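Working notes, beginning with the structure itself.
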Amino acid sequence: MATYIDIHGTNIPVRSSDPSNPTFGEMWYNTTTNALKGYVYSASAFSTANVLPTATAGGLGAGTVTAGLVATGDNPSGRSNVTMEYDGTNWTVGGTYPVSYAMVAGGGAQTSAIGVGGGPPWTSNNVNSYNGASWSGETAYPTPIRGADAGGLTETASYCGGGENFNTGTNAFNLYNGSSWTAGAANPSENFNKFVGTQTATLAVANGPAGTQSFNGTSWTTLNPATPPNSSAQMFGDTSSAVNACTPQPSGVLPAQEWDGTCWSAGGIPSQPGFTNRAACQTGTTGFFGGAYPASPPPTSSNVVEEYSAAAAATVTVTSS
């Protein structure tokens with residue numbers, strides 16, 4: 001059997017710190033932490049995180065896995081106006097959303113988020129922004145909408161697309177600069193309801209059939225599709241790296257799907273199976289999915305939260321286990 005020196009041509013080096021650019025398969029001993037380390041492949045994985053303070057389903061999500069939020073949605077008492085902020089470990093209750101709605105489109109950062117549309121009973125053109133402490137009213141969306149998705153890194157450079165207007169799907173895609181909405185090129189399909197990225201680099205996935213498109217600020221381009229079905233579970237990431245959590249089916253739990261900039265591939269299996277209508281953070285290579293409906297009745301909302309880490313090369317500590 002080949003040894004480490006046979007493969008790499010050298011003994012395991014001793015260093016006072018981890019290398020800044022290790023190569024795949026490299027190992028070293030860190031004298032500062034007294035640990036044997038290596039740079040290896042780390043598989044995709046869901047992990048259970050601390051639960052939301054209030055159960056919800058179909059809420060909006062924004063931010064990152066270490067500075068995110070979940071707001072609005074359905075809960076056991078009815079429609080919700082609760083905002084919950086995440087620091088990567090704990091959830092705290094933030095500013096109250098101006099109205100108690102579900103199916104609100106959300107995106108942006110924890111300190112610069114946007115919420116668009118929602119209901120009940122049908123649709124709304126209500127738009128609000130969040131500064132990390134409180135929500136305030138913004139310029140109304142061009143048309144009443146629910147079940148759309150919003151995105152962008154901040155509220156002042158955000159967008160909203162897809163969803164439905166009084167049970168009729170729409171392919172509208174609109175850009176927001178913090179004061180006014182501008183119509184962008186229409187989506188290729190009114191079924192598109194998942195969006196991540198920026199105004200000039202947007203990734204979109206269709207509800208159900210799983211068609212995938214990208215937007216460059218001017219026009220849409222058809223990309224390799226995700227594997228259907230994939231509705232009501234949201235995604236996070238950008239045009240080069242994204243994670244799409246799929247809706248569970250009666251036949252079993254579906255794995256997440258990972259986007260590498262060109263193709264989708266199967267990822268990790270949820271640690272909490274059987275949930276749909278999850279809110280998600282918008283950006284990052286790791287993310288969270290918060291709140292849900294169980295896939296089978298009764299459709300009671302949940303406070304379950306899962307974090308997700310996509311497959312990647314990573315530095316790990318070698319242990320005896």
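Here the structure is a predicted model, which means the values were calculated and not measured.
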Self-check item: Side chains of R79 and P120 in contact at under 4.5 Å (non-hydrogen atoms)
Solution: yes
Quiz item: Taking a hydrophobic cluster as the set of Ile, Leu, Val, Met, Phe, Trp and Tyr residues connected by side-chain heavy atoms closer than 4.5 Å, whether directly or through intermediates, do I12 and V318 fall within one such cluster?
Solution: yes
Practice problem: Any chance you could measure T139, atom OG1, to N125, atom CG, to the nearest 0.5 Å? | Solution: 11.0 Å
Quiz item: If only atom types and distance count, is the side chain of D149 paired as donor or acceptor with the main-chain N or O of F195 below 3.5 Å?
Solution: yes
Quiz item: What closest approach, in Å, do D238 and A242 show between heavy atoms, and which atom pair accounts for it?
Solution: O-CB, 3.6 Å
Quiz item: So, the side chain of Q213 versus the backbone of N187: is there a donor-acceptor pair under 3.5 Å, distance only?
Solution: no
Exercise. Report the C-alpha distance between L60 and I114 in whole Å, list the side-chain angles of each, state the deciding distance to 0.1 Å, and finish with yes or no for side-chain contact (heavy atoms from CB on, under 4.5 Å).
Key: CA-CA 9 Å; L60 70 86; I114 192 168; over 6 Å; no
Quiz item: Any side-chain heavy-atom pair from Q257 and S265 closer than 4.5 angstrom?
Solution: no
Quiz item: Between the main-chain N or O of T227 and the side-chain N or O of W264, is there a donor-acceptor pair closer than 3.5 Å?
Solution: no
Exercise. For T72 and V104, indicate whether the former's side chain and the latter's backbone hold a donor-acceptor pair under 3.5 Å.
Key: no
Quiz item: If you take all heavy atoms of G68 and F288, which pair is closest and at what distance?
Solution: CA-CE2, 3.9 Å
Exercise. Tell me yes or no: between the side chains of E306 and S47, is some donor less than 3.5 Å from an acceptor?
Key: no
Quiz item: Going from CG on D87 to OG1 on T92, what distance comes out if it is rounded to the nearest 0.5 angstrom?
Solution: 7.0 Å
Quiz item: Checking ring-ring contact (aromatic ring centres under 6.0 Å, His included) for the pair F236/F289: CA distance, chi angles, key distance, verdict?
Solution: CA-CA 9 Å; F236 66 86; F289 298 92; 5.7 Å; yes
Self-check item: L153 side chain reached by T283 side chain, heavy atoms, under 4.5 Å
Solution: yes
Quiz item: Is there a path of hydrophobic side-chain contacts, each under 4.5 Å between heavy atoms of I, L, V, M, F, W or Y residues, that connects Y29 with M27?
Solution: yes
Quiz item: Between A226 and N244, what is the shortest heavy-atom contact and its length?
Solution: CB-ND2, 4.4 Å
Self-check item: Taking every non-hydrogen atom, the tightest pair across G291 and L52
Solution: N-CD1, 3.5 Å
Practice problem: Of all the heavy-atom pairs spanning A310 and V243, show the shortest one and how long it is. | Solution: CB-CG2, 4.2 Å
Quiz item: Per the side chain to side chain contact (heavy atoms under 4.5 Å, CB included) rule, which among N303, V82, V70 passes with T54?
Solution: V82
Self-check item: T32 side chain near S16 side chain, heavy-atom distance below 4.5 Å
Solution: yes
Quiz item: Do Y101 and V127 share a hydrophobic cluster (ILVMFWY, side-chain heavy atoms under 4.5 Å, transitive)?
Solution: no
Quiz item: Can you check whether V99 reaches N81 side chain to side chain, under 4.5 Å on heavy atoms?
Solution: no
Quiz prompt | Rounded distance [0.5 Å steps], CD in Q199 versus OG1 in T156 | solution = 8.5 Å
Quiz item: How about Y159 and W181: are their ring centres within less than 6.0 Å of each other?
Solution: no
Quiz item: So do N30 and D18 actually touch side chain to side chain, heavy atoms under 4.5 Å?
Solution: yes
Quiz item: Quick one: do L69 and Y86 end up in the same hydrophobic cluster if we chain Ile, Leu, Val, Met, Phe, Trp and Tyr together by side-chain heavy atoms under 4.5 Å apart?
Solution: no
Quiz item: What residue among E85, E155, Q110 forms side-chain hydrogen bond (donor to acceptor under 3.5 Å, both in side chains) with Y130?
Solution: E85
Quiz prompt | Minimal non-hydrogen separation, A105 against A150, with atom names | solution = CB-N, 3.6 Å
Quiz prompt | Distance (rounded to the nearest 0.5 Å) between C281 SG and Y308 OH | solution = 13.0 Å
Quiz item: For W220, what residues pass the ring pair (Phe, Tyr, Trp, His ring centres under 6.0 Å) criterion, not counting sequence neighbours?
Solution: F173, F215
Quiz item: Got a second to check how far C263's SG is from N224's CG, nearest 0.5 Å?
Solution: 4.5 Å
Quiz item: When you check the side-chain N and O atoms of N50 and W91, is any donor under 3.5 Å from an acceptor?
Solution: no
Quiz item: Going through the distances and angles, do L223 and L203 end up as a side-chain contact (heavy atoms from CB on, under 4.5 Å)?
Solution: CA-CA 10 Å; L223 305 173; L203 182 71; 4.0 Å; yes
Quiz item: When you measure from the side chain of T154 to the backbone N and O of G108, does any donor-acceptor pair fall under 3.5 Å?
Solution: no
Exercise. Tell me whether I145 is reachable from W122 by hopping between hydrophobic residues (I, L, V, M, F, W, Y) whose side-chain heavy atoms are closer than 4.5 Å.
Key: no
Quiz item: About how many Å separate OG1 of T170 and CZ of R146, when rounded to the nearest 0.5 Å?
Solution: 13.5 Å
Practice problem: Return yes if a side-chain donor-acceptor contact under 3.5 Å exists between N75 and T56, otherwise no. | Solution: no
Practice problem: Look at the side chain of N165 and the backbone N and O of T168, then say whether any donor-acceptor pair between them is shorter than 3.5 Å. | Solution: no
Quiz item: Between the main-chain N or O of T182 and the side-chain N or O of Y176, is there a donor-acceptor pair closer than 3.5 Å?
Solution: no
Practice problem: Before giving the answer on side-chain contact (heavy atoms from CB on, under 4.5 Å), spell out for E138 and N128 the whole-Å C-alpha distance, their side-chain angles and the decisive distance to 0.1 Å. | Solution: CA-CA 5 Å; E138 295 288 338; N128 297 281; 5.7 Å; no
Self-check item: Verdict with supporting geometry, R278 and Q234, side-chain contact (heavy atoms from CB on, under 4.5 Å)
Solution: CA-CA 6 Å; R278 302 174 178 182; Q234 298 307 320; 5.6 Å; no
Quiz prompt | Short side-chain donor-acceptor distance under 3.5 Å, S129 and W135 | solution = no
